[in-house]
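Both counts, for ligands and for their atoms, begin at 1 and track the order of listing. What you are looking at is a predicted structure, and each value in this text was computed from that prediction instead of being measured. Throughout, residue positions are numbered sequentially from 1 according to the sequence presented.
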Amino acid sequence: MLLREVSYARPSTVEEAVSLLTEHDGARALAGGQTLVNVMKQRAASPDVLVDLADLDELRAISVSGTTLEIGAMATLAAIMRSSEVEVSRPILAATAATVADVQVRNRGTLGGNICVNDPTNHFPPLLVALGASMTIRSAVGERVVTAEEFFVGVFETAVGEGDLLTRISVPAAGKGTGDGMAGVTLGAHGTYVANAAASVVDGTWRIALGCVDAVPHRAAVESALVGADVDEAAVRSAVEGLGATLDPPADVHASAEYRRSLAETSTVRAVLQAAEKARG
Ligand SMILES: Cc1cc2nc3c(=O)[nH]c(=O)nc-3n(C[C@H](O)[C@H](O)[C@H](O)COP(=O)(O)OP(=O)(O)OC[C@H]3O[C@@H](n4cnc5c(N)ncnc54)[C@H](O)[C@@H]3O)c2cc1C
């Protein structure tokens, strides 16, 4: 199907982009277009104005500031895979980007676009919650920073509202004693997830977020049962046992709710063991 007629703007500054998004009802930011253009073709979205972020180089920057890894919203998944800053500070982001879809999607798709869509089957929402990331959002009235938990609001809904522009994602840089893991079952080798878990341990304290079991990444109720990174498989299995029963996941053509509960438990065990191994160095 052809696209409905749409106006197109290509701002050269972040301020101009925010003004365009604010001034026009029905304006939408265009990042890599990997989701937006497809949903426009299906007429599931019909923006009146596309505000193309392609010229905003400052939104592509990846840098380390003190103990924080700063990733511009327009950094592509391919750029994240190649980034030495990511490799040094939080390598799981590059490893995860490498498993998303195919070369074309990774070359065009951006981290900002991935999380602004908030498709519950996407890779990055649970990972960024587990890593304790925060998001910076610019609007006509200024800038605000929200935690990853506050950012993801519902299926395809985030804290980015009308007139808002996500500018960067901040992730604490990993120090000694930090380990991250991500595990799950995908539809095919590089497909979206059926269920997943992301786990992170920093100085013995765990953060675990589950994907595909709720509208937003779900903090697993087993974090406090895990203390320290020095956990073996039996201890992790024991801590995670019964996690599935606390969940109310959806059922669909890919998995029943019961199967998702089981996958959530198995994925959590695997993600925690991966993270523990990394933390031990
Ligand atoms: C075939 C295919 C397979 C895929 N498989 C996977 C997968 O397995 N796992 C996975 O995680 N992802 C997958 N994706 C999604 C992909 O990784 C991209 O994340 C996704 O397409 C959105 O990124 P984008 O940069 O293309 O955003 P766009 O499509 O340009 O934008 C998406 C939405 O976010 C908004 N937006 C984008 N950037 C901003 C911003 N800075 N501020 C405010 N709003 C913004 C747009 O207005 C739009 O509503 C797949 C995509 C395709 C096409």
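Using a distance-only test at 3.5 Å, with no hydrogens or angles considered, no donor-acceptor pair links the side chain of Thr68 to the main chain of Glu70. Checked by atom type and distance alone, the side chain of Arg280 pairs as donor or acceptor with a backbone atom of Ala229 at under 3.5 Å. Judged purely by atom type and a 3.5 angstrom limit, Arg260 uses its side chain to pair as donor or acceptor with the backbone of Val194.
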Show the short N or O contacts, below 3.5 Å, that ligand 1 makes with protein N or O atoms; if there are none, say 'none'.
from     : atom 1 : to     : atom 2 : distance (Å)
ligand 1 : 8 (O)  : Gly191 : O      : 3.2
ligand 1 : 8 (O)  : Thr192 : N      : 3.3
ligand 1 : 9 (N)  : His123 : ND1    : 2.8
ligand 1 : 11 (O) : Asn114 : ND2    : 2.9
ligand 1 : 11 (O) : Asn122 : OD1    : 3.3
ligand 1 : 11 (O) : His123 : N      : 2.8
ligand 1 : 11 (O) : His123 : ND1    : 3.4
ligand 1 : 12 (N) : Asn114 : ND2    : 3.4
ligand 1 : 12 (N) : Asn122 : OD1    : 3.0
ligand 1 : 17 (O) : Asn114 : ND2    : 3.3
ligand 1 : 19 (O) : Asn114 : N      : 3.4
ligand 1 : 19 (O) : Asn114 : ND2    : 3.1
ligand 1 : 21 (O) : Thr35  : N      : 3.2
ligand 1 : 21 (O) : Thr35  : OG1    : 2.7
ligand 1 : 25 (O) : Gly32  : N      : 2.9
ligand 1 : 25 (O) : Thr110 : N      : 2.8
ligand 1 : 25 (O) : Thr110 : OG1    : 2.7
ligand 1 : 26 (O) : Gly33  : N      : 3.1
ligand 1 : 26 (O) : Gln34  : N      : 2.7
ligand 1 : 29 (O) : Gln34  : N      : 3.3
ligand 1 : 29 (O) : Thr35  : N      : 2.9
ligand 1 : 29 (O) : Leu36  : N      : 2.7
ligand 1 : 30 (O) : Ala31  : N      : 2.9
ligand 1 : 30 (O) : Gly32  : N      : 3.3
ligand 1 : 30 (O) : Gly33  : N      : 2.7
ligand 1 : 41 (N) : Leu166 : O      : 3.0
ligand 1 : 42 (N) : Leu166 : N      : 2.9
ligand 1 : 47 (O) : Ala29  : O      : 2.6
ligand 1 : 49 (O) : Arg28  : NE     : 3.3
ligand 1 : 49 (O) : Arg28  : NH2    : 3.0

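Side-chain contact check for Leu59 versus Thr110: every heavy-atom pair is 4.5 Å or farther apart. Counting only heavy atoms from C-beta outward, the side chains of Phe151 and Asn118 never approach each other to under 4.5 Å.
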For residues 195-205, tabulate all N or O donor-acceptor pairs below 3.5 Å that involve a side-chain atom, not counting sequence neighbours.
from   : atom 1 : to     : atom 2 : distance (Å)
Asn196 : OD1    : Gly211 : N      : 2.9
Ser200 : OG     : Arg90  : NH2    : 3.0
Ser200 : OG     : Asp180 : OD1    : 2.8

